[in-house]
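For reference, the structure discussed in these notes is given below.
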Amino acid sequence: MILVRTVAAVRDVVRSARAEGRRVGLVPTMGAFHRGHVSLMSRAREECGFVVVSLFVNPAQFNEAADLARYPRDEGGDAALAGNAGVDVLFAPDASEVYPAGFATTVEVTGITEPLEGAVRGTAHFRGVATVVAKLFNMVQPDAAYFGQKDAQQALMIRRMAKDLDFPIEVVVCPTVREDDGLAMSSRNALLDADSRRRATALSRALRAVERTVAAGEREAASALASGRAELAAEGIEAEYFAAVSVDTLQPVDRIESETLIALAARLGAARLIDNVIVRPPGATR
Ligand code: AMP
């Protein structure tokens, strides 16, 4: 695996790979790799002849300076993990390479970015993500790009952006990878102290509870969510949001009659965690 830091260098290696007829896969990340990231790299490795992983902690998508300052960073460890996962190129640009002096352009996806994370973190967050991912798509020019369902709203936004801006890139969304006790893997889990780490398992239990309630025949979103809220309350967790929303529009639904996204965000100690699950009532086709 090679490490490159400039747009010119990444374009160079991608051009050579494409000249050899290889399909190019991109996995955009902010580093501090865990098995969730590795699952994206492995999927890219299976489907592409050349795999680029980008590592850039994007200041533009952080709505709190403190959150950016304490975001976990471990480039050496990340390079080792990516190498073991069979990645060809680790692209780790400096902020000045991504946002040179005079940078003045943003990409904004409207509508689906407004509820959930958009409502809590503000409009700058998804604008920052859309802008940096659009830039990474243009810098690397991959055939396919890999994202995690863990960040469901982000994945939906990227799909929308790729379609709306005619990026000739297949957007692949991969399942959420979890710890044995159900906690969704996240770089932010490193910020949890022992007590918060234990309590954090209530998030996936809450989602499972909704899933079970729906599987047992409940159709009222409020009743289904109440079963999950009890799991959170048992650990003294008050969610920032815990919502049943349309998988396409992310607007709240009153009744769960088709595939529905159950999305959850909560603060535990120093970490803000998000998780989600898609529920489908028995008999529903979609
Ligand atoms: P991040 O470095 O947190 O920005 O994440 C980079 C990519 O990895 C994003 O597409 C995330 O959705 C994805 N990802 C993060 N955590 C997980 C997980 N537990 N399972 C699957 N994908 C994940």
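Numbers for residues simply follow the sequence, beginning at 1. Ligands are counted one by one from 1 in listed order, and the atoms in each one are counted from 1 as well.
Between D181 and R197, at least one side-chain nitrogen of the basic residue sits less than 4.0 Å from a carboxylate oxygen of the acidic one, meeting the salt-bridge criterion. Between D193 and R198 no salt bridge is recorded (no basic side-chain N to carboxylate O distance below 4.0 Å). In summary, D275 and R178 engage in a salt bridge, as defined by a charged side-chain N under 4.0 Å from a carboxylate O. Ion pairing between a basic and an acidic side chain is recognised when a charged N comes within 4.0 Å of a carboxylate O; R255 and E220 show such pairing. Here R267 pairs with E64 in a salt bridge; the nearest charged N to carboxylate O distance falls below 4.0 Å.
The contact set between ligand 1 and P175, taken as ligand atoms under 4.0 Å from a residue heavy atom, comprises 20 (N), 21 (C). Every atom of ligand 1 is numbered from 1 in the order shown, and the set under 4.0 Å from a heavy atom of H34 is 15 (C), 16 (N), 17 (C). For ligand 1 and T29, the ligand atoms under 4.0 Å from any heavy atom of the residue are 2 (O), 6 (C). Atoms of ligand 1 found under 4.0 Å from any heavy atom of Y71 (numbered from 1 in listed order, with element): 3 (O). Contact atoms of ligand 1 toward H37: 1 (P), 2 (O), 3 (O), 5 (O), 6 (C), 8 (O) (distance under 4.0 Å to a heavy atom of the residue). Residue contact check: L40 has heavy atoms under 4.0 Å from atoms 7 (C), 8 (O), 10 (O), 13 (C), 22 (N) of ligand 1. Using a 4.0 Å cut-off to heavy atoms of P28, the atoms of ligand 1 that qualify are 6 (C), 7 (C).
Residues that satisfy the ring pair (Phe, Tyr, Trp, His ring centres under 6.0 Å) test with F50, not counting sequence neighbours, are absent from this structure. Every residue was checked against the ring pair (Phe, Tyr, Trp, His ring centres under 6.0 Å) condition with F242, not counting sequence neighbours, and none meets it.
Among protein heavy atoms, atom 4 (O) of ligand 1 sits closest to M30 CG, 3.7 Å. Remark: minimum distance from atom 11 (C) of ligand 1 to any protein heavy atom is reached at D151 OD2, 3.1 Å. Considering only non-hydrogen protein atoms, atom 10 (O) of ligand 1 sits nearest to G148 N, 2.9 Å.
Here's the thing with Y146: none of its N/O atoms is less than 3.5 angstrom from an N/O atom of ligand 1. Checked against a 3.5 angstrom limit, the closest N/O atoms of F147 and ligand 1 fall outside it. Geometrically, ligand 1 and V177 share a nitrogen or oxygen pair separated by less than 3.5 Å. Ligand 1 has a nitrogen or oxygen under 3.5 angstrom from a nitrogen or oxygen of M185. For a threshold of 3.5 Å applied to N or O pairs, the pair formed by C174 and ligand 1 contains no separation below that value.
Closest heavy-atom approach to atom 9 (C) of ligand 1 within the set R43, K150, Q154: this belongs to Q154.
Under the 3.5 Å distance criterion, with hydrogens and angles disregarded, a donor-acceptor pair is assigned to the side chains of R205 and T201. For the residue pair D94 / Y99, no side-chain donor-acceptor distance below 3.5 Å is found, with atom types taken as modelled.
In this structure, the ring of F91 has its center no less than 6.0 angstrom from the ring center of F56.
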